[in-house]
J.: 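Quick one: the structure is below, and I'll ask about it shortly.
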Amino acid sequence: MRALRITPLNIASAILAAGLAWRALEDKISMGTIGWFLLLLLVLVIADQFFRLMLRSLKRIWLAEGIFVLLVVLVIGVLRLW
């Protein structure tokens with residue numbers, strides 16, 4: 001069995017899934033919002049697998065995924081302000 005390698009996208013996916021579950025339990029979420037959450041979760045999982053295939057070193061994966069997460073947060077922030 002391979003060692004479990006935790007990466008920034010794994011952490012972001014776990015936080016997103018927990019947030020989705022929390023909002024669903026509080027009944028403060030619509031079906032359209034659930035779809036967007038699930039789409040973002042799918043993108044995070046696919047991006048994580050892509051980075052794992054392209055970069056073998058755990059340090060490089062952390063650096064690349066950390067930058068990716070920061071760029072996504074910045075883009076979302078800009079889009080919300082626009």
Side-chain angles (χ1 to χ4, degrees):
M1 188 168 139
R2 291 175 64 173
L4 179 65
R5 296 182 345 174
I6 305 229
T7 61
L9 289 179
N10 290 72
I11 296 167
S13 297
I15 291 170
L16 184 67
L20 176 63
W22 183 271
R23 290 185 69 177
L25 290 174
E26 293 288 320
D27 290 331
K28 294 182 180 177
I29 194 166
S30 66
M31 290 304 285
T33 306
I34 290 174
W36 286 111
F37 266 94
L38 292 176
L39 180 63
L40 180 57
L41 188 61
L42 179 66
V43 168
L44 289 176
V45 169
I46 290 171
D48 184 47
Q49 294 304 313
F50 174 75
F51 283 120
R52 285 176 187 257
L53 288 174
M54 297 302 291
L55 306 168
R56 297 290 180 197
S57 168
L58 191 58
K59 271 187 180 178
R60 287 184 179 177
I61 290 173
W62 267 85
L63 180 65
E65 288 186 4
I67 292 170
F68 178 76
V69 168
L70 286 175
L71 287 175
V72 168
V73 167
L74 287 173
V75 167
I76 290 172
V78 167
L79 289 175
R80 291 185 110 197
L81 290 175
W82 186 38

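These figures come from a predicted structure and were not determined experimentally. Each residue takes its place number in the sequence, starting with 1.
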J.: Going hydrophobic residue to hydrophobic residue with side-chain gaps under 4.5 angstrom, can you get from Leu70 over to Ile67?
T.: no
J.: With a 4.5 Å limit on heavy-atom distance, are the side chains of Leu25 and Trp22 in contact?
T.: no
J.: Please say yes or no: joined through hydrophobic side-chain contacts below 4.5 Å, possibly via intermediate residues, are Ile34 and Leu16 part of one cluster?
T.: yes
J.: Just so I know, are the side chains of Thr7 and Phe51 near enough to count as touching, which here means a heavy-atom distance under 4.5 Å?
T.: no
J.: Nearest 0.5 Å, please: how far is CG in Leu44 from CG in Leu39?
T.: 9.5 Å
J.: If I take atom CZ from residue Arg80 and atom CD1 from residue Ile76, how far apart are they, to the nearest 0.5 angstrom?
T.: 8.5 Å
J.: Examine Leu63 and Leu71 and state if one hydrophobic cluster contains both, with Ile, Leu, Val, Met, Phe, Trp and Tyr joined whenever side-chain heavy atoms are less than 4.5 Å apart.
T.: yes
J.: Measure the CD1-CG distance between Ile15 and Leu41 for me, rounded to the nearest 0.5 Å.
T.: 12.0 Å
J.: When rounded to the nearest 0.5 angstrom, what distance separates CD1 in Ile61 from CD1 in Ile6?
T.: 12.5 Å
J.: Considering only heavy atoms from C-beta outward, does the side chain of Arg52 approach that of Asp48 to under 4.5 Å?
T.: yes
J.: To the nearest 0.5 Å, what is the distance between CG (Leu9) and CZ (Phe50)?
T.: 12.0 Å
J.: Do you know the tightest heavy-atom contact between Gly66 and Pro8?
T.: N-CG, 4.0 Å
J.: Taking atom CD of Glu65 and atom CG of Leu55, what is their separation to the nearest 0.5 Å?
T.: 8.5 Å
